[in-house]
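Before any comments, here is the structure.
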There are 2 protein chains.
Amino acid sequence: MSSPAGFQPVHRESTSSLITRALREGIMNGRLPAGAQLSEAGLAAEFGVSRGPLREAMQRLVQEGLVRSELNRGLFVKELDEAEIRDLYLTRTAIETAAAYTLAHSARASEGAQRLRERAAAMAEAVAAGDLNALADADFAFHEELVSLSGSPRLHRVHETLMVETRMCMTALQETYFDPEDQVAEHSRIAEAIAAGDDEGLRREIEEHMQEALDRLVRAGHQG
Amino acid sequence: MSSPAGFQPVHRESTSSLITRALREGIMNGRLPAGAQLSEAGLAAEFGVSRGPLREAMQRLVQEGLVRSELNRGLFVKELDEAEIRDLYLTRTAIETAAAYTLAHSARASEGAQRLRERAAAMAEAVAAGDLNALADADFAFHEELVSLSGSPRLHRVHETLMVETRMCMTALQETYFDPEDQVAEHSRIAEAIAAGDDEGLRREIEEHMQEALDRLVRAGHQG
DNA sequence: CATCTCCGGATTGTTGACAATCTTCACAGG
DNA sequence: CCTGTGAAGATTGTCAACAATCCGGAGATG
């Protein structure tokens, strides 16, 4: 047994890590709405653990910036005003552009582009089925796949937080897709720019895509 | 007292936040070298607190990616191999490029460029004095200022972690500046590109600057 | 010699209790 | 009416003890 191969170290997760993910999920889907206080006793009871591990998980969320801490008062889900939403999309643009660049210049560029085409196709199916919820899921899956394919652990970690914030926004504003067909087309163009290795086009497509998504969100915020 | 103005909410910091910063500092300057285990009992005794707040601080570092957690075994300062260092600089390039862009297109572009010129001048002074340690400090101060001036809380938060990792690398590899004069010149060119609003030049200067810094680090890693 | 078992010591994970702080409300005084 | 006081209740911050797990070596067994 001296030259083993093919096995990865078993991945066991700590309690605080599990709770962190559950809380992130709650923030995304609006079960923990913006501005809400995270009650230690209440949440600990729900998760069936004591306050210790729960506090550790909440400190992770503070570090992520999803939660704001007020000393001796409690932790509150961060509220995103317009300036924050703009900053969110500024950062998303930076991260996803870098990820797309890296992918486009990597050996797996064409394979990656294919994977993204499939994600875009899934979006098209959702549109055809008239399922706007599935469209939103496929939309997020596309962007997560894009960053995953870059192979960068740092871009991936940062992006994960940004996606939670994006979903939180969309949930809060009940935003719906104005022109679903165009949504699919924008994503397809990004995939094709990666396949073609078109740096300038890639940057332009992502920039425009983000700008439009941001405008939609800001408009929805002004109306809602 | 109904229309007060000019006061900001008092900023009190939690214990875990203070400890987090102290630990980050330790990772940067090599007091907690890569691969070292963070002993809960030992560190708690040093800080004069119980293990509770200390564990909360350590979970923040896990979320930041500065520390790796092995279940029931402990927390260890993350070790950076060549692939990780490349990823670090990839991410730094993404963040700092976005920050520079934002600053260059903002109303405070010229003011910001001036601040950066002053930082570059401080680097030049360090070089003239032959103080390579002060040069390193001024170098980091330039990049921190650049991201701060962007006004983006997200870019700033991410960048903070990246700077810790960068310093950790340089400390571990005992890297020294090969051509200090050129270092100053590279930074000056970035400041001038911001002042001129030269997007393309800005991207090129930052890209080259990062690439050279990365190459230096990788070479130092191969030799050390 | 290699392997298995078991044990002691050390470290981490978790818990419940205690101390400190904040919030809310009622109430007295100017 | 506005301000200040004080106590009750609830929540957060901290701690020390307990349980679970891991690591090392001693010793037995084949």
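Letters A, B, ... mirror the listed sequences (proteins, then strands); counts begin at 1.
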So, using side-chain hydrogen bond (donor to acceptor under 3.5 Å, both in side chains) as the criterion, who are the partners of [X] when residues are at least two apart?
X: B:Ser152; answer: A:Asp87
X: B:Arg55; answer: A:Glu56, B:Glu40
X: A:Arg157; answer: none
X: B:Glu96; answer: B:Arg92, B:His143, B:His159

Margin query: Going by the rule salt bridge (charged side-chain N to carboxylate O under 4.0 Å, His left out), which residues pair with A:Glu208 if we only count those two or more places apart in sequence or in a different chain?
Written below: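 Here no residue qualifies.
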Margin query: Quiz question: by atom type and distance under 3.5 Å, do the side chains of B:Arg117 and B:Gln114 form a donor-acceptor pair?
Written below: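 Checked: B:Arg117/B:Gln114 side chains pair up, N/O donor to acceptor below 3.5 Å.
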Check: Which ring-ring contact (aromatic ring centres under 6.0 Å, His included) pairs, counting each pair once, include a residue from residues 68-104 of chain B, with sequence neighbours left out?
Finding: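 Pairs touching residues 68-104 of chain B that pass the test: B:Tyr101-B:His105.
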Next item on the list: Return the set of residues passing side-chain contact (heavy atoms from CB on, under 4.5 Å) with A:Glu125 (not counting sequence neighbours), or none when no residue passes.
Entry: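 Partners of A:Glu125 by the side-chain contact (heavy atoms from CB on, under 4.5 Å) criterion come out as none, since no residue qualifies.
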Note to self: Suppose we screen for side-chain contact (heavy atoms from CB on, under 4.5 Å). Which residues come up paired with B:Asn133, at least two apart in sequence or across chains?
What the structure shows: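 With sequence neighbours excluded, B:Asn133 shows a side-chain contact (heavy atoms from CB on, under 4.5 Å) to B:Asp131, given in chain and number order.
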Note to self: What contact category does B:Thr15 fall into here, base, sugar-phosphate, or nothing, at under 4.0 angstrom with non-hydrogen atoms?
What the structure shows: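 Sugar-phosphate contact only - B:Thr15 comes under 4.0 Å of backbone atoms but never of a base.
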Notebook entry, point to check: Under a 4.0 Å heavy-atom cut-off, which of residues 16-25 of chain A touch DNA chain D?
Noted result: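 Correct list: empty, so none.
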Check: Among pairs that include at least one residue of residues 14-23 of chain B, which meet salt bridge (Lys or Arg N to Asp or Glu O under 4.0 Å), considering only residues two or more places apart or in two chains?
Finding: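 Non-adjacent pairs meeting salt bridge (Lys or Arg N to Asp or Glu O under 4.0 Å): B:Glu13-B:Arg21.
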Next item on the list: On DNA chain D, reading 5' to 3', which nucleotide is the first and which the last to sit with an atom under 4.0 Å from a heavy atom of chain A, could you check?
Entry: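 Span of nucleotides near chain A: D:dT11 to D:dC22.
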Report all interatomic pairs (protein N or O, nucleotide N or O of nucleotides 10-12 of chain C) with separations under 3.5 Å.
from   : atom 1 : to      : atom 2 : distance (Å)
C:dT12 : OP1    : B:Gln37 : NE2    : 3.3
C:dT12 : OP2    : B:Glu40 : N      : 3.4

